[in-house]
2 protein chains.
Amino acid sequence: MDEGLAPDQLQTYFALMEAAGLLQHHVEQQLRAEGGLSYVQFQLLARLADAKGRLSMTELADGVVYSRSGLTYQAGLLEKAGLITRGPCPDDERATLVTITDDGLALLQRVLPGHVRVTRELLFAPLGPDDLRHLGDIMARVRDHMRTQPPRSAAPRKRRA
Amino acid sequence: MDEGLAPDQLQTYFALMEAAGLLQHHVEQQLRAEGGLSYVQFQLLARLADAKGRLSMTELADGVVYSRSGLTYQAGLLEKAGLITRGPCPDDERATLVTITDDGLALLQRVLPGHVRVTRELLFAPLGPDDLRHLGDIMARVRDHMRTQPPRSAAPRKRRA
DNA sequence: TATTGTTATACTCTATAACTATA
DNA sequence: TATAGTTATAGAGTATAACAATA
């Protein structure tokens, strides 16, 4: 099996992508309806709430957004909504430190129950304790592996639509 | 545990979402670079290739796109690129039947090896045979469960950014 | 020179509603 | 009336490149 995927690999891949897509779609609907947030914005707020201190723009972007300007755009929206603040960094005057506001934390709290509800009903409902253990172990390993992969600068041919 | 998620559930959920996001991002880069296709377009072509016959627009949209006009837009692009054709349906004159062209099939073939390569290197590299079996079984069950869930018309409160 | 962040801009994609035509 | 598909249009989001300021 040097090239191509075995049939069970292909099925697993497609099942994973479809399930993740459906889950993300439902979660985005819930976040939008109950908090006016996109999933990216939710991720940024959650990351800021987790890192109780402040994060630089670069640290905040990591893994969530794939371009500098993309984060500047989102941070602009969140700041305008009063959910975060941006300020100078004492250590490095080039950097901007981002902090979540009390309103931001409150919004996160308001949105979380529904978020958890959707996740539980859609993802965990059909799984037993063993499934959960296996899935958590596997996905943690996969995620860690992906994080350490080089950005893969591949860009060979290019044609068509 | 009637409300909220256990810590291991939360970790599993986040690991799944991050891994799926990273995988999708890499796959999209590869598809764009080697075939000029978005992931949605790839899904549509793959679905058409799989269903060797023709599919109506509604059948084609199912699960991939969440609005009628979204599919019309994508189908317009694919047709303009010569990858699909649209024609009338004998059974139901309201419907449009979509077919993948030889060029569409050829493009799919050209893109598939790289697609498989990314998937193997990113998703399957860190997994053993048991992992693959577990993951395939779990995700198939989760996907099937999600498919049968009602569209959940929830849309309670609505505020903020 | 390299890095942090912003801005300007163009582009892709999606969703809503209005519309046509057929069942 | 309900359904299949298209169109018009507006809005959100992303990426590229050029830029300013600091390391």
Side-chain angles (χ1 to χ4, degrees), chain A residues 21-22 24-26 28-29 31-33 35-44 54-81 84-99 151 153 155 158 160-161, chain B residues 21-22 24-26 28-29 31-33 35-44 54-81 84-99 151 153 155 158 160-161:
Chain A
L22 287 170
Q24 178 157 0
H25 184 252
H26 282 259
E28 276 187 331
Q29 299 243 100
L31 288 173
R32 184 68 68 186
L37 292 173
S38 68
Y39 187 67
V40 164
Q41 291 163 354
F42 170 77
Q43 280 180 296
L44 294 176
R54 298 164 165 190
L55 294 177
S56 71
M57 293 288 281
T58 298
E59 292 168 331
L60 183 56
D62 181 51
V64 176
V65 164
Y66 297 95
S67 71
R68 298 179 171 291
S69 59
L71 179 56
T72 298
Y73 171 76
Q74 292 295 343
L77 293 182
L78 293 174
E79 190 173 45
K80 190 158 52 179
I84 67 169
T85 57
R86 281 182 285 188
C89 173
D91 300 344
D92 186 338
E93 297 212 5
R94 294 172 302 182
T96 297
L97 286 185
V98 185
T99 316
S153 59
K158 179 172 184 178
R160 284 288 181 187
Chain B
L22 287 170
Q24 178 157 359
H25 184 252
H26 282 259
E28 276 187 331
Q29 299 243 100
L31 288 173
R32 183 69 67 188
L37 293 173
S38 70
Y39 187 67
V40 165
Q41 291 163 353
F42 169 77
Q43 280 179 294
L44 295 176
R54 298 165 164 192
L55 294 177
S56 72
M57 294 289 281
T58 298
E59 292 168 333
L60 183 56
D62 180 51
V64 176
V65 163
Y66 297 95
S67 71
R68 298 178 170 291
S69 60
L71 179 57
T72 297
Y73 172 76
Q74 292 295 342
L77 293 182
L78 293 174
E79 190 172 46
K80 189 158 55 181
I84 67 169
T85 58
R86 280 182 286 188
C89 173
D91 300 343
D92 187 338
E93 297 212 6
R94 293 172 303 180
T96 297
L97 286 185
V98 185
T99 316
S153 58
K158 180 173 185 178
R160 282 287 182 188

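Heavy-atom basis, side chains included; hydrogens, waters and symmetry copies ignored. Quantities reported herein were computed from a predicted structural model and do not represent experimental measurements. Letters go in sequence order (proteins before strands), and every chain restarts at 1.
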Revision key, fill the gap. Between NE2 of A:His25 and C1' of C:dA15 the distance, given in whole Å, is 10 Å
Review point. Expressed in angstrom and rounded to an integer, what is the separation of A:Glu28 atom CD from D:dG13 atom C1'?
Key: 11 Å
Check your understanding: Roughly, in whole Å, what's the span from OH in A:Tyr73 to P in C:dT4?
Key -> 24 Å
Check your understanding: So do B:Ser38 and B:Arg32 actually touch side chain to side chain, heavy atoms under 4.5 Å?
Key -> yes
Check your understanding: Pairs in or reaching into residues 59-75 of chain B: which pass salt bridge (Lys or Arg N to Asp or Glu O under 4.0 Å), with residues at least two apart or in two chains?
Key -> none
Practice item. Could you state the atom-to-atom distance from CG of A:Leu71 to P of C:dT7 in whole Å? Key: 13 Å
Check your understanding: Does B:Ser56 reach the side chain of B:Asp92, with side-chain heavy atoms less than 4.5 Å apart?
Key -> no
Practice item. Indicate yes or no: at least one non-hydrogen side-chain atom of A:Thr85 is less than 4.5 angstrom from one of A:Val98. Key: no
Check your understanding: Rounding to a whole Å, what distance do you find between A:Leu31:CG and D:dG13:C1'?
Key -> 16 Å
Exercise for review: Between protein and nucleotides 16-23 of chain C, map the contacts as a letter string: B base, S sugar-phosphate only, - none, heavy atoms under 4.0 Å, written 5' to 3'.
Suggested key: B-----BS
Study note, to complete from the structure: note: A:Gln74, atom CD; C:dT7, atom P; distance rounded to Å ~ 15 Å
Practice item. Output the distance between atom CE (B:Met57) and atom OG1 (B:Thr72), rounded to the nearest 0.5 Å. Key: 4.0 Å
Review point. Atom CG of A:Leu78 and atom CD1 of A:Ile84: how far apart are they, to the nearest 0.5 Å?
Key: 5.0 Å
Practice item. Would you please confirm or rule out a distance under 4.0 Å between OP1 or OP2 of D:dG13 and any side-chain N or O of A:Ser38? Key: yes
Check your understanding: Just how far, in rounded Å, is C1' of C:dA15 from CD of A:Gln29?
Key -> 11 Å
**Study point:** Positions of residues 56-63 of chain A (non-hydrogen atom under 4.0 Å from DNA chain C), listed by number
**Key:** A:Ser56, A:Met57, A:Thr58
Review point. Looking only at side chains, do A:Arg54 and A:Thr99 share a donor and an acceptor under 3.5 Å apart?
Key: yes
Check your understanding: Between A:Leu37 (CG) and D:dA12 (P), how many Å, whole number?
Key -> 14 Å
Check your understanding: Could you give the distance from CG (A:Leu44) to CG (A:Leu55), rounded to the nearest 0.5 Å?
Key -> 10.0 Å
Check your understanding: Just checking B:Val40: base, sugar-phosphate only, or nothing, at a heavy-atom cut-off of under 4.0 Å?
Key -> sugar-phosphate
Check your understanding: Toward the 5' end of DNA chain D, which comes first, A:Val64 or B:Thr96, by nearest nucleotide?
Key -> B:Thr96
Check your understanding: How many angstroms lie between atom CZ of A:Phe42 and atom CG of A:Leu37, to the nearest 0.5 angstrom?
Key -> 8.5 Å
